[in-house]
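This report concerns only the one structure given below.
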Number of protein chains: 2
Amino acid sequence: MLNMKTFAVLAEPTRRLLLDSLLEGAQSVNSLVDRIGMSQPVVSKHLRILRDAGLVLVKPDGQRRLYSVSPAPLAELEAWLEPYRKLWNERLNSLEEHLDEME
Amino acid sequence: MLNMKTFAVLAEPTRRLLLDSLLEGAQSVNSLVDRIGMSQPVVSKHLRILRDAGLVLVKPDGQRRLYSVSPAPLAELEAWLEPYRKLWNERLNSLEEHLDEME
DNA sequence: TTGATATATATCTTTACAGTTATATATCGG
DNA sequence: CCGATATATAACTGTAAAGATATATATCAA
């Protein structure tokens, strides 16, 4: 079911940076290298890991490879987060009530 | 601002297991040890890390320590996730439209 | 106080993984 | 075909961290 490796993959700051960069649209490896200021092998390695995790897609474009975000696995995060979201909403609500009482 | 160490802390499966256990209410260290089947030092160590990350709170209760979830840092996850959620919603919508067209 | 229980921490070992460097593969232009 | 460009991968190194074991600290009960 839930492939929880997604968490580990996203734990790496460089990989989140890559995903964030790809939010603005598909990009080649080298443009990502320029953007995040890491060596090309490092970027390729991280992209490989993101790809294995289903978080990005590749589309060959001549000699380049265009990477884009594939957000489906993030639904796991969302799902895991849900019961906790309820918790913190409750607490926000009771804080609000508390503030209302103080008025 | 955003303390992205939260991601790394949550990347560890045992720690997510601990948090999930605590969703059912505050618990002592030993009850968590029994629940997740790991050694007491391991559990204490992970709880320490969760505590440093602000993800759990401790309340001394005699010789025990009652741990409970403190969900505030998870708002970071939520925030980071947001632009991606938009992405996958868009894709769900276009899938829907596509299915509608096929009818 | 003493022994038992509950938890924390220190030390050690092993493993996983990020980054570097060097090299391989593939595709372009001429 | 050839050199240049774009990307992937292999091999190596250093480091961080998870789990095991042993021990320290604190609180209970008698």
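Residue numbers begin at 1 in each chain, while the letters A, B, ... track the order of the sequences.
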TODO: First locate atom CG of B:L10, then atom CH2 of A:W80, and finally report the distance between them rounded to the nearest 0.5 Å.
DONE: 4.5 Å

- [ ] Nearest whole angstrom, please: distance from the C1' of C:dA18 to the CG of A:L17.
- [x] 15 Å

Task: Interatomic distance, B:I36 CD1 vs D:dG19 P [rounded to whole Å] - done: 9 Å

TODO: For A:L66 and D:dA8, give me the distance from atom CG to atom P, rounded to whole Å.
DONE: 11 Å

Open item on the list: At less than 4.0 Å, is any side-chain N or O atom of A:H46 found next to OP1 or OP2 of C:dC17? Yes or no.
Closed with: no

TODO: Round to a whole Å and report the spacing from CE of B:M38 to P of C:dA8.
DONE: 17 Å

- [ ] Take atom CZ of A:R15 and atom C1' of C:dC17, then tell me their distance rounded to the nearest Å.
- [x] 9 Å

- [ ] State plainly whether the residues B:R35 and B:E24 are in salt-bridge range, i.e. N to O under 4.0 Å.
- [x] yes

- [ ] Considering just the side-chain nitrogens and oxygens of A:Y67, establish if one lies under 4.0 Å of OP1 or OP2 belonging to D:dA8.
- [x] yes

Open item on the list: From CZ of B:R64 over to C1' of C:dA8, roughly how many Å is that when rounded to an integer?
Closed with: 16 Å

Open item on the list: Under 4.0 Å, heavy atoms only, any strand: does B:P41 hit a base, just the sugar-phosphate, or nothing?
Closed with: base

Open item on the list: In whole Å, I'd like the distance from the CG atom of B:N30 to the P atom of D:dA26.
Closed with: 18 Å

TODO: Considering only NZ, NE, NH1 and NH2 on the basic side and carboxylate oxygens on the acidic side, decide whether B:E12 and B:K45 come within less than 4.0 Å.
DONE: no

TODO: Answer yes or no: does a side-chain N or O of B:S39 lie under 4.0 Å from OP1 or OP2 of D:dA20?
DONE: yes

Task: Integer-rounded Å distance: C:dA18 C1' and A:R16 CZ - done: 14 Å

- [ ] Any chance you could measure B:Q27, atom CD, to B:R64, atom CZ, to the nearest 0.5 Å?
- [x] 11.5 Å

Open item on the list: At 4.0 Å (heavy atoms only), tell me whether B:E12 reaches a base, stays on the sugar-phosphate, or touches nothing.
Closed with: sugar-phosphate

- [ ] Quick one: label A:R51 by what it contacts on the DNA or RNA (base, sugar-phosphate, nothing), any heavy atom closer than 4.0 Å.
- [x] nothing

TODO: Map A:K45 and A:Q63 onto DNA chain D by nearest heavy atom, then report which one ends up closer to the 5' terminus.
DONE: A:Q63

TODO: Look at the side-chain N and O atoms of A:R48 and state whether any lies under 4.0 Å from the OP1 or OP2 oxygen of D:dT7.
DONE: no

- [ ] Would you state whether a donor and an acceptor, one from the side chain of A:Q40 and one from the base of D:dA6, lie under 3.5 Å apart?
- [x] no

- [ ] Verify the contact: side-chain N or O of A:S28 to OP1 or OP2 of D:dT5, cut-off strictly under 4.0 Å; return yes or no.
- [x] no

Open item on the list: Determine whether B:Y67 and B:L50 satisfy the following criterion, side-chain contact (heavy atoms from CB on, under 4.5 Å), listing intermediate values before the conclusion.
Closed with: CA-CA 10 Å; B:Y67 283 83; B:L50 288 168; over 6 Å; no

Task: Sugar-phosphate, base or nothing in reach of A:V42, heavy atoms under 4.0 Å - done: base

TODO: Look at all strands and tell whether A:I49 reaches a base, only sugar-phosphate, or nothing, counting heavy atoms closer than 4.0 Å.
DONE: sugar-phosphate

